[in-house]
Every structure is written in C-alpha cells, then in structure tokens.
Undergrad: 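Mind having a look at this structure? Questions to follow.
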Amino acid sequence: MAAESGRKEKTMRCVKEYLEQVRKQANRVEYLKQDVQYLDDAMISTGSSSFGKTGGHAGSPQAGFVLLVERKDAKQRKLDVEKNRLAELIAQADAAIDTVSDPKMRRVLKLYYLENLSTKEVADEMKYTVQHVNRLMKKGLEMVQLPDEDAIPA
C-alpha cells in the first residue's frame, strides 16, 4: 500500500513537472515580448532624437540606433523560436490533459496549465472555490496519462 502511494505520488509529480513546462515557456515568451517592445521603444526614441544629424562614427546616435536594431532583430528571432516551442508544448500538454475523463478536471487543468491562469482566476472563471479547484487539479493530475517515458522531465 505504501509502495503504491509512493509510486502514485512520483507519477503525479512527473505529470505536474511535464505540464509546468508550458507555464514556464509561456513566461519566457512573455519576457521576450517585453524585451522586444522595450528595444522597439528605444529605437523610436533614439531614431527621433538623431533624426537629421550627420555622421555615423562609433558612439554616434546612428551607431547606437544600428546596435538597437541588431539587438531587437536577435531578440525577435529568439522570440519566434520560443513561440514555436510554446505551441509544441501546448499541443503535447493538451493531448495529455485530454486523457482525463472528467470534463471539469480537464477544464481546470487546461485553464491553469495551458492558459496560465492562477488557481484564483480558475476558481472565478468556473464559479468554484479555490479549494475545490485545488481538489479537481490534484485528482486530474493523478489521471493524466503522459505520452511516453521520453516526455517525462528528468
């Protein structure tokens, strides 16, 4: 009985780590979006303050603008890659969550892990208490079937 409980707990921890990858990746994408926006704003600011000036030597406003453009382009490329990775993770996690038979548990898991809502936000959305959402999530995590051994984080 204790061995079964330990195995169940380990499996649930693996499922939680697997699904948590989506939330982490969503946060990574959000930070990159903010970085790109910051660099875009800096380009606008630098571009308007250097408009009409001549030159182009190192340390000039134009050189600073070129550096901003290069940094923004690099961040944008990274953002595109991370968005694609997020889409892959969401598709995999969505398929795993769909193995849960109870629709309420599936909805709670999807709102929390795929839509990145807090348990309070999930509770508000579903008109449940936070405690009920936590119970549904725990039971739902126990029911999730991961695709294969390779998908489980080490």
Side-chain angles (χ1 to χ4, degrees), residues 1-48 63-154:
M1 186 83 156
E4 175 66 26
S5 176
R7 188 170 39 257
K8 192 177 192 181
E9 173 124 353
K10 183 179 180 191
T11 301
M12 194 167 91
R13 206 172 32 246
C14 288
V15 167
K16 194 172 182 178
E17 289 171 10
Y18 177 82
L19 295 175
E20 197 63 40
Q21 291 178 42
V22 176
R23 290 175 66 89
K24 289 176 183 174
Q25 185 67 18
N27 289 335
R28 205 173 289 126
V29 166
E30 192 55 41
Y31 290 133
L32 283 168
K33 282 181 183 176
Q34 290 171 6
D35 287 349
V36 168
Q37 184 61 51
Y38 173 79
L39 291 167
D40 198 37
D41 292 346
M43 284 170 43
I44 291 168
S45 169
T46 302
S48 65
F65 185 79
V66 169
L67 287 174
L68 285 172
V69 169
E70 290 170 354
R71 286 180 60 202
K72 181 188 174 229
D73 288 347
K75 284 283 186 182
Q76 185 64 55
R77 283 190 301 275
K78 184 161 179 65
L79 175 60
D80 293 342
V81 167
E82 297 296 334
K83 280 181 173 178
N84 288 337
R85 176 70 180 134
L86 177 60
E88 291 170 9
L89 287 173
I90 287 173
Q92 293 167 358
D94 191 44
I97 290 171
D98 282 343
T99 64
V100 175
S101 58
D102 185 280
K104 292 176 194 170
M105 290 178 197
R106 273 196 317 267
R107 183 73 178 134
V108 165
L109 292 170
K110 287 183 180 195
L111 287 171
Y112 184 79
Y113 288 104
L114 304 184
E115 295 186 27
N116 212 14
L117 298 182
S118 68
T119 51
K120 171 82 172 97
E121 292 168 325
V122 173
D124 291 345
E125 171 89 14
M126 296 189 70
K127 312 260 188 287
Y128 294 149
T129 65
V130 172
Q131 293 81 5
H132 188 58
V133 166
N134 285 330
R135 280 192 297 273
L136 289 171
M137 273 205 325
K138 184 176 185 219
K139 287 180 182 178
L141 287 171
E142 291 172 357
M143 298 172 81
V144 170
Q145 299 294 310
L146 295 180
D148 58 29
E149 294 281 325
D150 296 331
I152 300 173

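By convention here, the first residue in the shown sequence is residue 1. What you see is a predicted model; the values in this text were computed from it and never measured.
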Undergrad: Test Val144 against Lys16 for side chain to side chain contact (heavy atoms under 4.5 Å, CB included), laying out the working first.
TA: CA-CA 9 Å; Val144 170; Lys16 194 172 182 178; over 6 Å; no
Undergrad: Please report the shortest heavy-atom distance between Leu146 and Tyr18, naming the atom on each side.
TA: CD2-CD2, 3.3 Å
Undergrad: Got a sec, which residues hit side chain to side chain contact (heavy atoms under 4.5 Å, CB included) with Lys120, two or more places apart in sequence or on another chain?
TA: Ser118, Asp124, Val130
Undergrad: Rounded to the nearest 0.5 Å, what's the gap from CD on Gln131 to OG1 on Thr119? Could you check?
TA: 9.5 Å
Undergrad: Quick one: does any side-chain atom of Arg107 pair with a main-chain N or O of Asp102 as donor and acceptor, under 3.5 Å?
TA: no
Undergrad: Can you tell me how far NZ of Lys138 sits from CE of Met105, rounded to the nearest 0.5 angstrom?
TA: 11.5 Å
Undergrad: Might you point out which heavy atoms bring Val29 and Leu79 nearest each other, and give the distance in Å?
TA: O-CD1, 3.6 Å
Undergrad: Should Arg85 and Glu88 be marked as a salt bridge (charged side-chain N to carboxylate O under 4.0 Å, His left out) after you check the CA-CA gap, both sets of side-chain angles, and the distance that decides it?
TA: CA-CA 5 Å; Arg85 176 70 180 134; Glu88 291 170 9; 3.5 Å; yes
Undergrad: In the structure I gave you, are the side-chain heavy atoms of Asp80 and Gln76 within less than 4.5 Å of one another anywhere?
TA: yes
Undergrad: Of the options Leu111, Leu19, Leu109, which is the one that meets Met137 in a side chain to side chain contact (heavy atoms under 4.5 Å, CB included)?
TA: Leu109
Undergrad: Return the minimal non-hydrogen interatomic distance between Thr99 and Met143, and the atom names on each side.
TA: OG1-O, 4.0 Å
Undergrad: Testing the basics here: between Leu114 and Ala93, what is the closest heavy-atom pair and its distance to 0.1 Å?
TA: CD2-CB, 3.6 Å
Undergrad: Taking all atoms of both residues into account, what is the closest heavy-atom pair of Tyr112 and Val122, and its distance?
TA: N-CG2, 4.0 Å
Undergrad: Looking at every non-hydrogen atom in both residues, tell me the closest pair between Tyr113 and Val22 and how far apart they are.
TA: O-CG1, 3.3 Å
Undergrad: Please report, to 0.1 Å, the donor-acceptor pairs under 3.5 Å made by any side chain of residues 31-43, with sequence neighbours excluded.
TA:
{"unit_1": "Asp35", "atom_1": "OD2", "unit_2": "Lys75", "atom_2": "NZ", "d": "3.1"}
{"unit_1": "Gln37", "atom_1": "NE2", "unit_2": "Asp41", "atom_2": "OD1", "d": "2.8"}

Undergrad: If you count every heavy atom of other residues, nucleotides or ligands that lies below 6.0 Å from Arg23 atom CZ, does the total exceed 12?
TA: yes
Undergrad: For the pair Arg106 (side chain) and Ile97 (backbone), establish whether a donor and an acceptor sit closer than 3.5 Å, ignoring hydrogens and angles.
TA: no
Undergrad: Measure the CG-CE distance between Leu136 and Met126 for me, rounded to the nearest 0.5 Å.
TA: 7.0 Å
Undergrad: With a 4.0 Å cut-off on N to O distance, would you call Lys24 and Glu20 a salt bridge?
TA: no
Undergrad: To the nearest 0.5 angstrom, please state how far the CD atom of Glu115 sits from the CD atom of Glu121.
TA: 10.5 Å
